[in-house]
Every structure is written in C-alpha cells, then in structure tokens.
Trainee: 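First the structure, then my questions, so here it is.
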Amino acid sequence: VRSGTAERGTLSMRYGGKLEDSGYWRLYAKGFDREALSLQSTGQPGFDPWRQQRMGARADLNPSAADAVTVQGEIYQGRHGESAVLSQPGSATFFSTSAITQAVSGGHLLLRWQRQLQGSKSLTAQSYLDQAVRDWPSHVWQRINTFDTDLQYRHRAFSGHDLVLGVSYRRTEDTARPSTTGIAADTLAMIELYQPKLTIPTWSLLAQDDITLRNKELILTLGARLEQAGDEPSTVAPNARLLWMPSEDQSFWGMAGSANRTPSRTDSSGLGRIVLPAGYRVNGRTLAFPAFLDVSGERDPKLRSAYELGWKQRWAPGLTTDLSAYVNNYSQSSSGASQLGLCRTDQSTVAASCSYPNNEMTRSNSITARSHGIELAADWQVSRQHRLQASVTRFAMETLSSTAELNAFGSSPNGSGSLRWSYTPNDNTELDLALRQVGQLTNTAFGQSVPGYQQMDLRWARRTSPTTQWELVGRNLLGGKHLEFVSETGGTASSLVGASLSLGLRLQF
C-alpha cells in the first residue's frame with residue numbers, strides 16, 4: 001500500500017500457491033489513484049487525474065516432464081482526465097481548455113504450451129485474445145478485439161546451429177464512432193475515421209539461425225521476417241548480428257538490419273485535426289492567431305537500414321562498462337504540404353480567412369532522415385554497502401531532404417545522463433539517490449520546444465521484521481515545477497511536473 005502527494009493511493013495484493021507436483025498459481029489485484037499535473041498557463045491543478053483497477057490470475061503448469069503450460073488472464077477498468085484544448089471555430093477564442101474524462105476497460109487471456117521433443121528440439125505454441133475499449137471525448141469511442149496465435153519450432157540438432165522457425169497470424173477487429181461525451185456540440189473532433197469498422201488480418205513468417213563460428217567465442221545470427229498486413233504490400237525485414245567474446249571479461253557485437261511500420265487506423269482511413277494556438281510556427285512564420293489544420297493521407301515510414309556497434313568490458317570484479325553506437329536511416333517518412341500560408345494575420349479577418357475548413361494538409365511519404373547516437377553506461381560495486389551506476393547518452397536526428405516534415409525530429413533530447421548511488425548498510429536498510437539531466441527538446445512540432453532540466457530522486461527503505469518493509473520515495477526534489485513534454489498536435493494543454501513524496505508499506509507472509 002502506498003500514499004503520497006502525487007500518488008494519492010496505490011494498493012496491490014498477490015496470493016499464490018503450489019498445485020502439488022503440477023506447478024504453481026497466483027491471483028493478484030491492483031489499483032491506483034494519481035493526482036493531476038499543474039497547468040503551465042495558471043499553475044493550478046489540471047484536469048488529468050488517473051484512476052485504474054485490475055485483477056488477474058496466472059498458472060504455470062508441468063503436466064509431464066516434457067510439457068510446460070502457462071495460462072494467464074486479466075481484466076481492468078479505469079478513468080483518466082485530460083486538460084484538452086477543444087476546437088470550437090464558432091467561439092470568439094476559437095478553442096478552449098476543458099476537462100474531459102476518458103473511460104477505459106478491457107482484458108486478455110493467454111495460453112502458452114511448450115513441448116520438449118527428442119534431441120535438442122522444442123515446439124512452442126501461443127495464443128491470446130485481447131479486448132480494449134476507449135471512450136475518448138472529442139476523439140473516438142473505440143473497441144479493438146485482437147486474436148493472435150503463433151507457432152515456433154527450435155532445432156539444435158546440427159552442430160553449431162540454433163535454428164528457430166516461426167509462423168504467426170493476427171486478426172484485429174476495430175470498431176469506432178465519434179465520442180461526444182460531455183463536450184460542447186460545436187466542438188470539432190480531433191480524429192475522424194472514415195470506416196466505422198475495420199478488420200486487418202496479418203500473417204508473418206520468421207527464420208533465425210544462431211551460428212557458432214568459434215566455440216564460446218564467435219556467434220553469427222542471421223534472421224528475416226516476412227509480413228503481410230491487410231491490403232498492404234508484403235514486407236521483408238532482415239537482420240544480421242555478430243557477437244565476439246575473446247575472454248570472459250570482454251565482448252563486442254555488431255548489428256545490421258531493417259524494419260517496417262504498419263500504418264495506424266488514422267493513417268490508413270481517417271484524418272487528424274491539429275489545433276494551432278497563436279505563437280506556433282507554420283510555413284516559416286509565427287501565427288498571430290489560432291487556427292485549425294486537417295491532416296490526412298498516407299504515413300508509412302520505413303526504417304531502411306540500422307547499424308549498431310557495442311563493447312562491454314569487465315575491468316575488475318564489480319566494475320563494468322557498456323558502450324554502444326548506432327545509426328538509423330529512414331525513408332518514406334511523413335511530410336506534407338499545407339494551405340495555411342493563405343491565411344491573413346489581421347485579427348479582424350481571422351474568422352473569415354483562417355477558420356475551419358479552409359486549412360488542410362495532405363500527407364505524403366517523401367522525407368529521408370537519419371538518427372545517430374552513442375550511449376555509455378558504467379556499473380561499479382564499490383563495496384558490499386556502496387554501488388554506483390552512471391549513464392550518458394548523445395542523440396541527433398536530421399532530415400536529408402527539403403520537404404516540410406510532419407514528424408517531430410526535435411522531440412528527443414540531444415543529451416541526457418544519470419548518476420545513481422545505492423547504499424545498503426545492512427540487510428534491513430536500503431538508500432538510493434539518483435540525479436538525472438535531460439537535455440532540451442528543440443522542436444517537438446510547429447516550432448515548440450521544451451527546456452532541459454535537472455532533477456533528483458530519493459528512496460529509503462527499512463525492513464522492521466521478516467514480513468514488513470517501509471518505504472519513503474521522493475521524486476523531483478530539486479524544487480520548482482518543470483515542463484517535460486508538450487502536445488505535438490496542440491490537443492492538450494501544457495502541464496508541469498513537480499516534487500512528490502510517498503510512503504509505502506509492504507507485507508509478505
């Protein structure tokens with residue numbers, strides 16, 4: 001159980017047991033109630049509290065020496081608020097910041113069976129059913145039913161080869177309609193879907209082989225995935241990996257591969273509406289007035305190629321470093337052409353020249369882009385009581401064409417880092433102190449940016465008996481409230497994250 005300033009209440013319970021010699025089972029239930037963030041515009045609490053409850057069960061069974069079976073199921077429901085910026089072209093201000101509440105519910109059932117065959121071969125079959133229901137005012141009411149099943153065969157009978165072959169089938173049934181729960185009648189929907197019901201079947205084939213080129217030292221992995229989703233063209237995503245372990249304390253690896261993205265529901269059969277308050281930058285200039293922008297068209301970016309190199313070194317018992325660098329090349333990323341430049345900046349003519357539906361953007365796939373970065377992590381167990389962990393990341397993403405882009409290429413920080421000190425003076429006491437630095441978001445979309453920030457988190461835990469542990473957690477303790485994100489489409493008001501404290505109690509029996 002936990003309670004605090006931002007996390008008003010959290011309760012989780014789990015109870016399990018053994019089924020004689022057949023396996024184990026457990027039941028669980030969880031629930032939480034979280035406070036709203038603060039609005040950047042006023043500093044007052046926003047409209048985005050979050051509450052959810054879930055319960056489920058799992059059993060891991062061994063009906064025979066060669067079989068392992070897992071059965072798992074869960075149901076959930078909840079509500080969470082949103083400080084929504086609603087599009088109202090008929091009003092004097094064109095939009096309003098309003099409280100809306102999204103209702104969510106759903107559940108899933110999963111069954112997995114693994115059979116150990118003769119020799120070094122095995123067969124794994126897994127199927128699951130999932131349902132998710134969302135009632136999202138000013139967006140959509142949506143119910144998604146998913147059935148997924150896959151079969152994998154592993155063969156290690158050939159010397160130096162670990163072969164995996166797989167086939168899978170997924171069927172998604174998506175039913176949607178406009179949601180107007182609790183909003184004004186003249187509000188424009190943020191999402192409009194042209195098809196009230198859409199069914200997408202997806203087939204895929206997988207082949208992968210881990211090839212030992214030198215015993216316990218050099219391993220080559222070759223693999224490929226063939227996928228066919230709905231009416232989309234078939235895609236192939238190959239990859240190759242090489243792992244070299246010259247000693248027990250050192251390893252190097254490299255990877256080359258590619259991937260594809262299946263278009264979302266809105267991409268393939270709908271439009272998204274973007275709210276542009278005054279101050280946004282579009283077509284190279286800053287808006288002096290609010291406006292709305294309808295965006296439609298294809299969006300199917302492809303990860304054309306990806307490369308990664310890594311090195312892990314254990315310098316001494318308890319001291320390890322991990323270094324990796326990567327480059328990702330993207331093709332057919334989302335871009336668009338807009339008619340918004342036809343609007344006037346004279347406030348008296350805004351309603352006539354810039355109100356909905358005169359502003360439209362046709363989306364296409366004509367952007368070429370590249371991201372690259374480097375990551376360094378260190379883990380040092382100084383002594384039994386002290387442990388230090390540190391990480392540093394540098395990241396950059398750039399477009400390689402001049403077409404106006406819709407993707408927010410500045411929505412990840414160029415640099416971030418963290419330092420954590422863990423102190424365990426005895427078996428009953430734990431203390432963790434974490435410092436983190438997050439760099440600026442230079443351009444999340446339409447000229448918006450988020451300043452970088454530094455923060456500190458603290459955790460203290462004390463076991464007062466073999467069955468009882470107390471825990472005190474503080475987050476964002478360096479004072480003041482800070483901005484961590486903004487809505488890339490203008491659909492939600494900017495909110496601030498502040499300091500929080502919580503006290504927790506754990507009972508185990």
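Note that these values count all heavy atoms, side chains included, but never hydrogens, waters or copies made by symmetry.
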Trainee: Just wondering, do F47 and I100 contact through their side chains at under 4.5 Å, heavy atoms?
Mentor: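 The answer is no; the side chains never approach within 4.5 Å.
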
Trainee: What heavy-atom pair brings D33 and R51 nearest, and what distance separates the two atoms?
Mentor: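 Minimum heavy-atom separation between D33 and R51: OD2-NH2, 3.1 Å.
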
Trainee: Donor-acceptor pair, D150 side chain versus G166 backbone, under 3.5 Å?
Mentor: no

Trainee: Over 60° means perpendicular and under 30° means parallel, so tell me whether W50 and F32 are parallel, tilted or perpendicular.
Mentor: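 It falls in the perpendicular class, over 60°.
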
Trainee: Which value, rounded to the nearest 0.5 Å, describes the distance between S234 atom OG and W203 atom CH2?
Mentor: 13.0 Å

Trainee: Under 3.5 Å, is there a donor-acceptor pair between the T101 and R79 side chains?
Mentor: no

Trainee: Let me see the working for R112 and Y128 under side chain to side chain contact (heavy atoms under 4.5 Å, CB included), right down to the final yes or no.
Mentor: CA-CA 9 Å; R112 183 188 305 118; Y128 71 81; over 6 Å; no

Trainee: Could you check whether any side-chain heavy atom of R154 comes within less than 4.5 Å of a side-chain heavy atom of T124, counting everything from C-beta outward?
Mentor: no

Trainee: Rounded to the nearest 0.5 Å, what separation is found between the CG atom of D148 and the OG atom of S127?
Mentor: 7.5 Å

Trainee: Roughly how far apart are L505 CG and L11 CG, rounded to 0.5 Å?
Mentor: 10.5 Å

Trainee: If you look at every heavy atom in G479 and Q455, which pair is closest and at what distance?
Mentor: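 Closest approach of G479 to Q455, heavy atoms only: O-NE2, 4.0 Å.
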
Trainee: Hydrogens and angles aside, do S418 and S391 bring a side-chain donor and acceptor to less than 3.5 Å of each other?
Mentor: yes

Trainee: Using a 6.0 Å cut-off, check whether atom CE of M456 has over 12 heavy atoms from anything other than its own residue.
Mentor: yes

Trainee: Tell me whether S168 contacts the main-chain N or O of T149 through its side chain, where contact means a donor paired with an acceptor under 3.5 Å.
Mentor: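 No, S168 side chain to T149 backbone: no donor-acceptor pair under 3.5 Å.
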
Trainee: Answer yes or no: is there a side-chain heavy-atom contact under 4.5 Å between H80 and Q52?
Mentor: no

Trainee: With a 3.5 Å distance limit and no angle check, can you tell me whether Q228 reaches the backbone of G230 through a side-chain donor-acceptor pair?
Mentor: yes

Trainee: Any chance you could lay out the side-chain hydrogen bond (donor to acceptor under 3.5 Å, both in side chains) test for S500 and T5, step after step, and finish with the verdict?
Mentor: CA-CA 5 Å; S500 65; T5 53; 4.7 Å; no

Trainee: Using 0.5 Å steps for rounding, measure from the OG atom of S38 to the CG atom of L496.
Mentor: 6.0 Å

Trainee: Measure the spacing between CZ of R171 and OG1 of T199 and express it to the nearest 0.5 Å.
Mentor: 5.0 Å

Trainee: Within a strict 4.5 Å, meaning less than it, do heavy atoms of the E471 and R2 side chains meet?
Mentor: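 Of all side-chain heavy-atom pairs linking R2 with E471, at least one is under 4.5 Å.
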
Trainee: Salt bridge check: are R459 and D457 linked by an N-O gap of less than 4.0 Å?
Mentor: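 Between D457 and R459 there is no salt bridge, as every charged N stays at least 4.0 Å from the carboxylate O atoms.
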
Trainee: Taking Q448 for the side chain and S487 for the main chain, is one N or O donor matched with an acceptor at less than 3.5 Å?
Mentor: yes

Trainee: Contact between M397 and S412 at the side-chain level, heavy atoms closer than 4.5 Å - yes or no?
Mentor: no

Trainee: Measure across L151 and A125 and return the closest heavy-atom pair with its distance rounded to 0.1 Å.
Mentor: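 L151 and A125 have their closest heavy atoms at CD1-CB, 3.8 Å.
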
Trainee: Have a look at R143 and tell me which of E173, Q131, K197 forms a side chain to side chain contact (heavy atoms under 4.5 Å, CB included) with it.
Mentor: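 The residue from E173, Q131, K197 that satisfies side chain to side chain contact (heavy atoms under 4.5 Å, CB included) with R143 turns out to be Q131.
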
Trainee: Take E375 and T393 through the side-chain hydrogen bond (donor to acceptor under 3.5 Å, both in side chains) test and state the conclusion after the steps.
Mentor: CA-CA 5 Å; E375 301 175 353; T393 298; 4.7 Å; no

Trainee: Measuring from atom CE of M55 to atom OH of Y28, what distance do you get when rounded to the nearest 0.5 angstrom?
Mentor: 9.5 Å

Trainee: Heavy atoms, side chains only, cut-off 4.5 Å: are Y453 and E484 in contact?
Mentor: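 Yes, close enough: below the 4.5 Å cut-off.
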
Trainee: Answer whether the closest heavy-atom distance between the side chains of L501 and L477 falls below 4.5 Å.
Mentor: yes

Trainee: Within a 6.0 Å radius of atom OH on Y169, are there more than 12 heavy atoms belonging to other residues, nucleotides or ligands?
Mentor: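 Yes - once you tally the heavy atoms of other residues, nucleotides and ligands closer than 6.0 Å, there are more than 12.
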
Trainee: Which heavy atom in R394 sits nearest to a heavy atom in G415, and how many Å separate them?
Mentor: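 Of all heavy-atom pairs spanning R394 and G415, the closest is NH1-CA, 3.8 Å.
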
Trainee: State, with a plain yes or no, whether a side-chain heavy atom of W136 is found less than 4.5 Å away from one of E82.
Mentor: yes

Trainee: List in chain and number order the residues that pass salt bridge (charged side-chain N to carboxylate O under 4.0 Å, His left out) with D135, two or more places apart in sequence or in another chain; answer none if no residue qualifies.
Mentor: none

Trainee: Does M190 form a side chain to side chain contact (heavy atoms under 4.5 Å, CB included) with S87? I'd like the steps, not just the answer.
Mentor: CA-CA 8 Å; M190 295 290 185; S87 307; 4.0 Å; yes

Trainee: If I compare all heavy atoms of N476 with all of G498, which pair ends up nearest, and what's the gap?
Mentor: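 Distance-wise, the nearest heavy atoms are ND2-O, 3.4 Å.
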
Trainee: Kindly indicate, with the supporting measurements, whether the criterion side chain to side chain contact (heavy atoms under 4.5 Å, CB included) is fulfilled by W25 and V71.
Mentor: CA-CA 9 Å; W25 61 273; V71 182; over 6 Å; no

Trainee: Give a yes-or-no answer on whether the side chains of T97 and S83 include a donor-acceptor pair shorter than 3.5 Å.
Mentor: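 Looking only at side-chain atoms, S83 and T97 do not form any donor-acceptor pair under 3.5 Å.
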
Trainee: Between Q126 and L110, does a side chain to side chain contact (heavy atoms under 4.5 Å, CB included) hold up when you go through it step by step?
Mentor: CA-CA 7 Å; Q126 175 178 290; L110 178 145; 4.0 Å; yes

Trainee: How close do P413 and F395 get, counting heavy atoms only, and between which atoms?
Mentor: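 Closest approach of P413 to F395: O-CB, 3.8 Å.
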
